[in-house]
Amino acid sequence: MSLPRLGSLTRSGPYGSRLLGPAHQSTRALRVRVQLLLTVLLVVTNVIGAGAVVSILLLVRPREALDPDLVLSTFIAVPVYVVLAVVVGATVGTRNAFDALRWAYEDREPTETDRLRTLRVPRTLTAVQAGLWAVATALFSGLALLLDPQLFTTELLAVGITGALICAIAYLVTEFVLRPVAARALVDGVPAPGRGSGVRRRMIGFWAIGSGVPAAGMVVVGILALADDQLTLTRLAVVSLVLGTVVLVVGLFITALNARAVVGPISSVRHGLRRLEEGEFGADIPVYDGTELGLLQSGFNRVSAGLAERERIRDLFGRHVGQEVAEAAMAAGVELGGEVRTVSVLFVDLKGSTALATERPPGEVVEVLNRFCAVVVAEVDRCHGLVNKFMGDAVLAVFGAPVEREDHATDALRAARAMADRLRAELAEIDFGVGVATGEAVAGNVGDRERFEYTVIGDAVNSAARLTELAKDRPERVVATAASHEAASSDEQDCWVPGGEETLRGRSEPTRLVVPRR
């Protein structure tokens with residue numbers, strides 16, 4: 001099964017808690033973890049609910065009402081029923097959850113039906129528990145009605161309100177535990193939020209259960225107090241205090257759980273943005289929410305993938321035309337034509353490349369050419385130049401364009417010397433020539449708007465190419481024009497000596513030359 005590339009987005013793990021395990025846990029570990037957490041948390045929640053019912057009834061019932069029949073109906077029957085209900089609920093709920101999550105436990109790709117059933121598991125399990133608490137409410141309020149009708153309302157409110165609160169907590173707990181499974185179900189995208197599953201509806205729903213239901217109970221008690229003259233002020237105060245405490249404590253707890261469920265996906269997006277800011281393009285975050293928050297997580301992943309693709313294209317573009325040319329094109333856009341600049345041009349060419357191609361297998365020739373180009377590119381980049389063209393066994397590099405550099409002649413001469421030294425040491429099986437010339441040239445985009453390239457055209461380019469042919473027959477294998485030497489820094493000038501004069505092809509006047517000092 002294809003899983004998302006998830007990292008540890010936070011110190012608490014990719015799903016917001018270390019309890020949920022790592023992103024790439026095994027299927028067996030996932031199954032054990034989910035079943036164990038669901039069983040423990042749901043049983044503990046319902047047991048606490050039973051204790052809360054008993055405690056509330058102890059507080060709100062008048063002492064004279066504690067006869068043996070009422071004690072039997074409440075303090076023995078309630079726990080016994082809850083234990084039985086927990087066993088039945090766990091059995092039914094586990095079976096339903098296992099059927100819905102079978103695809104994950106069998107480590108296969110989920111179908112659309114599997115995805116929808118997985119997202120509905122919290123609702124399904126909560127519905128089972130709601131049914132059991134509804135039976136408990138009817139049962140124990142009915143017992144109270146038979147034994148003491150005056151306690152019917154108290155029993156009904158105590159069990160009913162507690163059941164509603166426990167179901168709300170159980171839903172949030174189930175949704176939390178199933179985050180790793182939901183992440184696997186939502187790898188291919190989040191379905192449109194269904195009816196009643198949106199964030200707004202969920203927030204209103206949990207407010208209604210956590211605060212609205214207990215508050216409604218207080219309203220009912222107030223109405224009964226007005227209608228029943230036998231309800232003492234003390235008992236009314238006790239009931240109000242108990243229900244008010246439920247609103248403050250349990251309502252706050254449900255609100256906190258709900259806020260955690262909402263903040264979790266937002267926090268994962270925030271940590272994902274931090275990874276993007278650090279240059280980790282293509283960073284994925286787990287998508288484990290089936291509401292609009294899941295759409296937010298999924299949207300982040302799409303944006304991140306788009307940025308990764310854009311960065312890949314930018315990198316490929318830079319590799320083809322040079323990073324500086326790529327950055328200039330992205331900053332200024334594409335315009336055909338160029339501008340006249342004074343630049344230094346370096347031209348390097350292999351000697352005897354035809355013989356090399358005929359004497360060696362094609363694969364070996366390519367390997368030699370790649371090693372040759374690697375040395376050239378490394379030295380040109382180190383000296384802030386631009387490799388403008390690869391021409392089979394020759395390379396043209398430009399210094400001073402597209403980014404202007406005042407000391408471009410120094411850069412070109414330094415690159416030529418270092419390049420020659422490395423080629424002699426690292427590629428003894430080849431021979432070469434390097435020429436450097438400085439002068440005016442037109443630098444810019446040449447071609448058609450649909451297909452163009454950045455290049456330099458001018459006398460300096462022609463001179464560098466002519467000097468390369470001369471350099472192949474000179475012992476230094478590097479020749480530069482005196483104009484480049486004069487434009488360089490004094491430190492670089494000391495590394496060169498006069499190399500005589502030559503009338504280059506296509507010229508009528510001799511050109512003064514310099515060669516590296518031995």
For D289 and A261, which heavy atoms make the closest approach, and how far apart are they? OD2-O, 4.2 Å
Which value, rounded to the nearest 0.5 Å, describes the distance between L172 atom CG and F253 atom CZ? 9.0 Å
More than 12 heavy atoms of other residues, nucleotides or ligands under 6.0 Å from CZ of R512: is that the case? no
Side-chain touch F347/V395, heavy atoms, less than 4.5 angstrom: no
Tell me the closest heavy-atom pair linking A397 and V380, and the distance in Å. CB-CG2, 3.8 Å
To the nearest 0.5 angstrom, please state how far the OG1 atom of T511 sits from the CG atom of L467. 7.5 Å
Counting C-beta onward and ignoring hydrogens, is there a side-chain heavy-atom pair between F176 and S17 closer than 4.5 Å? yes
Heavy-atom count around E406 CD within 6.0 Å, excluding the residue itself: above 12? no
What is the distance from atom CZ of R417 to atom CD of E379, rounded to the nearest 0.5 Å? 10.5 Å
Can you name the residues that form a ring pair (Phe, Tyr, Trp, His ring centres under 6.0 Å) with Y171, not counting sequence neighbours? F206
Roughly how far, to the nearest 0.5 Å, is OG of S298 from CG of D284? 10.0 Å
My understanding is that only one of H384, R382, R405 makes a side chain to side chain donor-acceptor pair (under 3.5 Å) with D411; could you say which? R405
Under 3.5 Å donor-acceptor, T410 side chain and S489 backbone: yes
Pair R371 + E426: basic N to acidic O under 4.0 Å: no
Let me confirm one number: the CD-CZ distance from E175 to R260, rounded to the nearest 0.5 Å. 12.5 Å
When you compare the side chain of S304 with that of F281, does any pair of heavy atoms fall below 4.5 Å? no
Does the K472 side chain pair with the main chain of F432, one donor and one acceptor, at a distance under 3.5 Å? no
Can V479 and V434 be said to form a side-chain contact (heavy atoms from CB on, under 4.5 Å), step by step? CA-CA 6 Å; V479 177; V434 182; over 6 Å; no
Carefully, step by step, assess Q297 and S268 under the rule side-chain hydrogen bond (donor to acceptor under 3.5 Å, both in side chains). CA-CA 8 Å; Q297 293 175 310; S268 68; 3.0 Å; yes
Within the structure provided, determine whether H408 and T438 are in side-chain contact (heavy-atom separation under 4.5 Å). yes
Is there a side-chain hydrogen bond (donor to acceptor under 3.5 Å, both in side chains) between S463 and R507? Walk through the geometry before answering. CA-CA 10 Å; S463 296; R507 295 280 186 87; 2.5 Å; yes
Are the side chain of Q493 and the backbone N or O of A488 linked by a donor-acceptor pair below 3.5 Å? yes
Near E509 CD, under 6.0 Å, is it more than 12 heavy atoms from other residues, nucleotides or ligands? no
Could you pull out the closest heavy-atom pair between P498 and V515, with the gap in Å? O-CG2, 4.3 Å
From E469 CD over to D349 CG, what is the distance, rounded to the nearest 0.5 angstrom? 6.0 Å
Can you tell me if T481 uses its side chain to pair, donor with acceptor, with the backbone of A437 under 3.5 Å? no
Given side-chain contact (heavy atoms from CB on, under 4.5 Å), test R270 with F300 step by step and report yes or no. CA-CA 10 Å; R270 179 170 58 85; F300 170 84; over 6 Å; no
Under the 3.5 angstrom rule, does the side chain of N258 hit a backbone N or O of T255 as a donor-acceptor pair? no
C383/F399 under side-chain contact (heavy atoms from CB on, under 4.5 Å): CA gap, chis, key distance, verdict: CA-CA 9 Å; C383 295; F399 297 80; 4.0 Å; yes
Side chains of E492 and H485 in contact at under 4.5 Å (non-hydrogen atoms): no
Aromatic Y105 / basic R31 pairing, under 6.0 angstrom, 45° off normal: yes
Keeping the roles fixed (side chain from R474, backbone from G499), state whether a donor-acceptor pair exists under 3.5 Å. yes
Can you tell me if R117 and T124 form a side-chain donor-acceptor pair at under 3.5 Å? no
Let me know which of V348, I430, L350, V368 forms a side-chain contact (heavy atoms from CB on, under 4.5 Å) with D393. L350
If you measure from the Lys or Arg side-chain nitrogens to the Asp or Glu carboxylate oxygens, is any gap between R108 and D114 under 4.0 Å? yes
Are V376 and M419 side-chain neighbours, meaning at least one heavy-atom pair lies under 4.5 Å? yes
Counting N and O atoms only, with roles assigned by atom type, does the side chain of R179 sit under 3.5 Å from a partner on the main chain of Y15, one being a donor and the other an acceptor? yes
Is there a donor-acceptor contact under 3.5 Å from the side chain of R33 to the main chain of L19? yes
State whether a side-chain donor-acceptor pair under 3.5 Å links T118 with W103. yes
So which of V436, D459, L396, N388 actually passes side-chain contact (heavy atoms from CB on, under 4.5 Å) with V345? L396
Indicate the atoms forming the closest heavy-atom contact of A185 with P110, along with that distance. CA-CG, 4.3 Å
May I ask you to check whether over 12 heavy atoms, not counting those of R505, lie within 6.0 Å of atom CZ? no
For the backbone of L20 and the side chain of Q25, can you confirm whether one donor and one acceptor N or O come within less than 3.5 Å of each other? yes
Quick one: does S484's side chain have a donor or acceptor within less than 3.5 Å of a partner on A480's backbone? no
What one should report as the nearest heavy-atom pair of A170 and T126 is C-OG1, 4.3 Å
Using a strict threshold of under 4.0 Å (side-chain N to carboxylate O), is an ion pair present between R274 and E277? no
Which heavy-atom pair separates R422 from V375 by the least distance, and what is that distance? CB-CG1, 3.7 Å
Pair L178, L101 - check side-chain contact (heavy atoms from CB on, under 4.5 Å), show working. CA-CA 10 Å; L178 291 179; L101 305 178; 3.7 Å; yes
